[in-house]
Structure formats: structure tokens, C-alpha cells
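As C-alpha cells, the structure follows; a few thoughts come after it.
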Amino acid sequence: MKLRKSVAVSENGFVFNASRGDSFSANPTGARILDWLRDGKSEEEMKTLLLDLYDIDETTCEKDLYDFLKVLKQHNLLDV
Amino acid sequence: MNRIPITIAVTGLNNTDNPGPGIPVIRSLRESGYFEVRIVGLVYENLEPGLYMDDMADVVYTLPYPSMGHEMLLSRLVYIHEREDLTLIIPNFDAELLTFIKLAGRLSAMGIRTLLPTQEQFESRQKDRLTDFARQFGIAVPKSDAVTGIGELMQVLAESRYPVVVKGRFYEAYVAHTADQAQQYFYRLSAKWGFPIIVQQFIRGQEFNVTALGDGKGRLIGAVPMRKTYVTSNGKGWAGIAIEDDTLLDMARTVVIQTRWGGGLELELIKEDSTGDVYLIEINPRFPAWVYLATACGQNHPEALVRLALGQTVEPFTDYNVGRMFVRYSWDMVCDLSRFQQIATTGEVTIRPEALA
Amino acid sequence: METNQKLKYERPVIKQLNTGVTNKFGPQMGFMPHTHIDGIAVKDLINTYGSPLFVLSERTIRQTYQEAFSAFANRYPNVQFAWSYKTNYMNAVCNIFHQEGAWAEVVSRFEYEKALKNGVPGDKIIFNGPDKTTDDHMVAVQNNSPIHIDHLDELYSLMAVSQKLGKRPKVAIRVNMDTGVQPIWDRFGFNYESGQAWDAILKIIQTDRMDLVGLHCHIGTFMLSTNAYAVATAKMADLALNIKRQFGIDIQYLDLGGGFASRNTLKGTYLNGADVAPSFHEYAEQICSTLIRAGFRSEELPLLILETGRALIDDAGFMLGTVLANKRLSDGRRATIMDFGVNLLFTAFWYEHTISPAQECSQYTEDTVLYGPLCMNIDVVRESIRLPLLNKGDQVVVHRVGAYNMTQWMQFISLRPNIVLIDTDGQPHLIRKAETVEYLTQLESTPAHLSAFDL
């Protein structure tokens, strides 16, 4: 699971997929996860990172991450 | 002459194939001999073309949709006003006008001026009330009846001469030559737009448009009649020519004087071939998208509107150059993604830094 | 000691910027959380009284009533409001209106009894509606209540009652008419244009068994056009003046009914309800100026009665609720399930209710379908609403739910919750307890042969 090469993420959360011309806006948590995906982090690694960084319980973290990755797939932003 | 610096916010930068009047208004203001304008463009969508034109707005902000309510809009305007110190707002969209009319008092308390029709004027010229409106002010409109059932329709048809125009409540109109046709259109339009359906006497004649400006005190400041010479498939003028016709100007004068209209307006009129009588078809409560033609003919209505809103004495225009024509064209601007990115993520874009402007 | 300061968490979210529609307006345009109602924290209300919960503000009710009353009283010398029981017949609510001076307006025996029990004198209970039995008529006549006749059958039945009791009922007829607004509510009362109304008036006067004291109309509901009220007032005044001219009878009151819009947004309308709803002053201007100019001698101006319900109470009601779950629909849309649905919020069928988060929330928003908790497909509170990112357990406030919900709510699938009234000093009072299984089943009886089974 990796971010597609064609996807650019800017500092303010603007996301552009050059291969389809789609643009998106992500909140800071979302943009951070996109960065991790570019680096090839696994779902498990990202979960650990989120738990380290944020004041959040494990269940919510796991649920939200699962949901976010599903949405990214739906938007064709991930290499499957 | 020294031009006075002034900051004006303008909406309607959607000069697409169904264009809004914002860009022609800005273009007129930029040609003003009185004012050195700084333009704050206000957009509802990230892809309004005016936002990508380099020489129109100096800075652009997004607005919440009118459907989100006037409190939301007001708090956004407060924010913009803090940054830009607006002197005036010129709203240009039908859908936002009522909201701005309702906010006019509070905007004025903030130091932002407007020149708009009153809510009563705005509502009384709506389609299903136009007949009453016209009767009240002694203006000729084609005989029309609002019907809500097939029985009523047949009753009205029995008293009408064909052809008749069958109109939907908000949009769309068809010419019917028989009762059967009228009935078909009745069903089609009511399914789409609801009731009432308006059955109007068909006037055989030529259609004209007039762009005009009222000072809100019963004076017509300017008016320029135009005939569309070329229309797009959805009825929008693609080319038009300024004409000379006193009966059309008289009609504009009557409407503005009788209603004491404040602000820009466009009249849609029809002149009957056989009698030369002029009938009022519709009043649009804002400048039309072709308002720059008036400026080019010597009547800069947007500039005059700004002067009226500032409380200056403005003498009515008495003349214009007949025979100037406009032709619209489309042009693919090529832009960098950064402006889209900026407006989409922050809701504001500076196009011309203040130092340069 | 080393402290590990963690960042405040916000659910990750991404949304497509399709067709240029602006989704947010920078950090300055956030959702304002609605954390308190009349000074009490939403969180505390839910802790004490549970979720979901209806909350009513006595302060808002009184302020709204006073604004409405003065809008009319400043324009017309002789004004009386009658509280429309069906809009909200919680006794506490009715009594606030009665304390403010409103009579009662009822449309059933049940509501009539409620008004009597609340202590409203019989002659200040207006009995409206098509549903009145002979017994209802007897009671109303004995109590000297104004009875508004809806149809000819009622007229005849009331004449029989009058004969039987040897007492003259005080009556008005309900008139329906074309005010230029669709649809015409011609299912109630007697029609003006066709002459039915005049015929009914003649019948009452000529049979001479009842006193025709008033005329009543109620031209529609959620009326956004104030002009229709001017038309209605003119027609009512015309009837009253004709009665005076022909029979020398003074009509004591004209009851213009209700139908004033609240500031809710009706489904399918483009502009926000708060922007298009006329103010009390706009309605009052149309009605009062028409009445003043109608041609009554100044000492004979009839009493003007108003029965507006919705516009008086909608703003004062709030529904508090809690997020049960979030989920993602097959097409990628976000869905949030709340612990209240159309069973409690009946008006969700008509309105795009405004809903605010009750706690600090992020500036980021997502389009969400808002479902209720019922295991039924119809249970949709909002088809699409832009909300900040809500988590399970977060609380929300639904605005403007004071009218019709606490009377039309359904006991369906689950029990109805507590209703709390916050008084003008900011003190909460439980005015209707949450239902219990025992309360609901007390009227049931199970036949003996169905009392046991073996599974």
C-alpha cells in the first residue's frame, strides 16, 4: 500500500493527482498520513505513529485509519 | 483630474457561457474617470473564470452560499471588511440579492454601502406577480393568468386568442397554437416547476432589452436599449447592438420612476409589430451581463451606481452612442494550478499585491 | 519529571474539490459549537436527564410571545392571542402562554379537557376543527366556549344541542377562501367565493338559536407571503360589515387563525428559512392596516384573535442528542447515526433542521447523511448536512424543534425521552418524564390463553 507516484501533497493539505486531474483537500492529520504513505509505511506502523503523536485511544485510532485508507482507495490515490 | 481611491467588492465573476455581470461591472469601474478602484472579487465557486483573469480583481475571497443563511454570509463579510476596508458592495446574482437586501442596513452600519432595490420592489416584480405590479404602476404587460388546474386552464384558454405563451413558475416558456398544445405544456411545466402555470397572451413583435439605473428616489439615471442580434442555444445574447428608440426608454423611465427603483436593472420588453406598443415581459433586479455595452456607448452605469451609493449628486445621462455593438467570444486562459490551490484551501487569493496595484 | 505533551487528535479526512465547489472558507469560517442553552451546559443537561432530550427555553417563549403580541397590539387596539394546543400541549408550555395572556385554541375533546384542567375558563377556550361529537358540543355549550363551526352537519347538530339544552351556543363559522396562495385550504370551513359562507351565516341568523359572535379563517400553513393575510382580512371584514349592514349584528371578533412561518428551512427551498420568514411585524402590518381601513367605525372595530402556534414556539425548542456511530456508505458518503430519529423529530420530514455540535469541534467538515436510530429505512434526519468531524459519544443540538414535535412524536420502536424546561432564572425543570415499559404497557391486557408459552 503506497501513495501513487502521481499524487502531490502540499503543506496546506492540497492534494493533486496528476494522472487524473483530481484535486482534494486534507486536514493536517490526513496530510500527515499521506506523507507516511509516500514513505511506504505500513498500516501497523502508521497506527503506532498516530498513537505516539496524538492524544487518542487505540480503538478510535484503528477505526479512523481503516476508514481513511478506504476513502483514499475510493479516490484512486493508492497503488493497490 | 485626480481619481479618488476606493475599494469595491463585486460578486458574479462567473463569466461562463451563461455569464454573470461581475466582470463587465469591474471593467466599467476600471475605466472610471472619478475613481481609482481596488476590486475585491467575491466568488462562490473555485472555478469562476474572473478569478483567473489577472487584470480584473485585485484580491478574491470565497463566500458561503446564500442558502446557508445571512448570518453565515455576514460573518464572512465582517472578516473580509476587516482586511480590505470595503466602501461598497455590488452584488450581481439573482439568488444572493434578497440576502444582501436584508443585510443592507447592517452593512451600512459597518460602513459598507450598497445601492439596491427594496425587498418590496424585489418581490413585486417576480413572475407570478408581474401583472399586479404592472397594473399598479400603469405599465403594459401582455394579459396573463396564473392557473393551477386543468379546469382553470381551459377557462382561460376559452377567453384567449391563439397563440398563447405557457410559462413555468420560474423558468421555461412555450408558444402554444392550440388548446391541446397548451395542455401538453401545462402538464410538462407543472411537473417540472410546480404551480402556478402562467398563460400569457402572445405578442407578435421584436424583443428588446434595456439596461438601466435608478437612484432609489424616482429618477432614471441612465438607460441603454439593445437588441440581441445573435443568441446561443440557451437563449443568451452572444451579440447585440445599441439602438435608438424613445418608446423603450420611456418604458424604462416609467418603471424606475413609478417604483422608485434603486440600483441596476434590466428590462425585457417586446414591441408589437402591428401597433408599435411596448409590453414589459420581465424585470431582472440587477445589471445584465452586457452592461459594459452601455459603458462603451458613453453611459458608465456601474460608475454612476458607485457615485449614487456614495451620496454624490449624479446628473442623468442624456445621450449614448447608437450603433455600438458587442460580440462575445470564448478564450481558453491557461493558468497555473497554484491559484486554484490557494482559493480551494484558504478561501482567498491575492492577484495584484497592493503595492503594485 | 518528563511530560509527553501529545497533540489534540482530529480524525483524518480528505475530500475532493469537485467542480470547484468551495468546501470551507479558511480557518475563520468554522462551525460555532452550541455548548449552552440559557446558561446551562448541554453536557450537564444530558448527564442529568439523559440523551436524547427535549429542552425548552421559557425565556425564549416569553420573549417571542411578547414580540408577537406587541407587533399586533401596537398596530391595532383590540388584540387577543389564543394558544394553539396542537402545536405543543405540554401543560407547562400552555401555562406560560396563559400567564402571558393567551386564551386556548383546541381542535379535539382531548385538548379541550387539557385546557380546562389547566384552568382556562370555558369562555376563553376556542373550540375549532371538524371533529366534535354531540357530547363535545354539549360540554362546550355548557361552558360557554366559542365554537367554530366547520361544516353544515356540525351546524345542524349544534342546533339540536341548543334546543335540547335550551341554551344559545356562542358560535363562529370557519371561512375558507382564495387568497392567491396555493393550495387553497378548502377542506375546512365554508367557502367565501362560492357564497357557502354567507349561506351558513344566514342559516345561523335566521334560525335564531345561536349567537354568531365571530368569524374564523386559517388560510394555510408556513405562509411565506404576508400579502395573503391582507386578502384574507379584507374578505373577513367584508363578511362582518355585510352582516352589520343587513342584520344590524355586530360581529365581536375576527379570528385570523395562524400559519405564520417559523425560521426553519423547508425542504426543497433554496434560501435559508431564517432569511425568508417574514417577521411578526410584517404579518401584523398586513392584517392590522387592512382591518383599520376596512370601514368599521372606530368604536366598533372587532376583537382581532390570532392562533399562531409554530412561530411562537419553534425557536424555543431544542433537541439534544448523541452520536451512536459513524459509518461509510457504499458510495463513499459519510453516515452518522444519532440516538434520535424521525420518531422524536417528526418535523425532520419537512425541515432541513439546523444542527450544531455541542462541543469544541474542528474547522474541517464533511458532508454527512444523518440517520436516526430506528431500524427502518425512513429514519433519516438530514439527507445531507455539512458537519464538523463528530466522534461516537459527541453531542449535538438540533435547533427550532419547539413546534409539533412534542405532540406528533411517535412511540415507535423506542420510548419517548424526558422534556426539560429551563425557567427564566436558568433553572431546569423536568416537565414530562421519559416513558417506561410499565407506563406503556399498563393499558394492554393479554387474554388468559396467551399468557404463557414454552420455547
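Nothing here was measured: the structure is a model prediction, and the numbers come from that model.
- Here the closest heavy-atom approach between residue A:Thr29 and residue C:Pro12 is recorded as CB-CA, 3.9 Å.
- The neighbour count for C:Phe349 CZ, taken as heavy atoms of other residues, nucleotides or ligands under 6.0 Å away, is above 12.
- Within residues 31-42 of chain A, the residues having any heavy atom closer than 4.5 Å to a heavy atom of chain C are A:Arg32, A:Ile33, A:Leu34, listed by residue number.
- Between A:Asp52 and C:Lys6, the closest heavy-atom pair is O-CE, 3.4 Å.
- Contacts with chain C (heavy atom to heavy atom, under 4.5 Å) involve no residue of residues 1-10 of chain A.
- Rounded to the nearest 0.5 angstrom, A:Gln74 CD and C:Arg333 CZ are separated by 11.5 Å.
- Residue contact with chain C, scored on non-hydrogen atoms closer than 4.5 Å, involves the backbone of A:Leu51 exclusively.
- The two residues A:Pro28 and C:Glu10 make their nearest non-hydrogen contact at CD-OE1, 4.1 Å.
- Of all heavy-atom pairs spanning C:Tyr9 and A:Thr60, the tightest one is CE2-CG2, 4.4 Å.
- Listed by chain and number, the residues in a side chain to side chain contact (heavy atoms under 4.5 Å, CB included) with C:Lys43 are C:Asn47, C:Gln395 (sequence neighbours excluded).
- Within residues 314-331 of chain C, the residues approaching chain A closer than 4.5 Å by heavy atoms are, in numerical order, C:Arg328, C:Ser330, C:Asp331.
- Atom CD1 of C:Ile14 and atom CG of A:Leu72 lie 5.5 Å apart (nearest 0.5 Å).
- Counting heavy atoms from C-beta outward, A:Asn27 and C:Leu389 have side chains that approach closer than 4.5 Å.
- In this structure a side-chain-to-backbone donor-acceptor pair under 3.5 Å is missing from A:Ser25 to C:Lys15.
- Remark: C:Gln16 CD to A:Asp22 CG distance equals 4.5 Å, nearest 0.5 Å.
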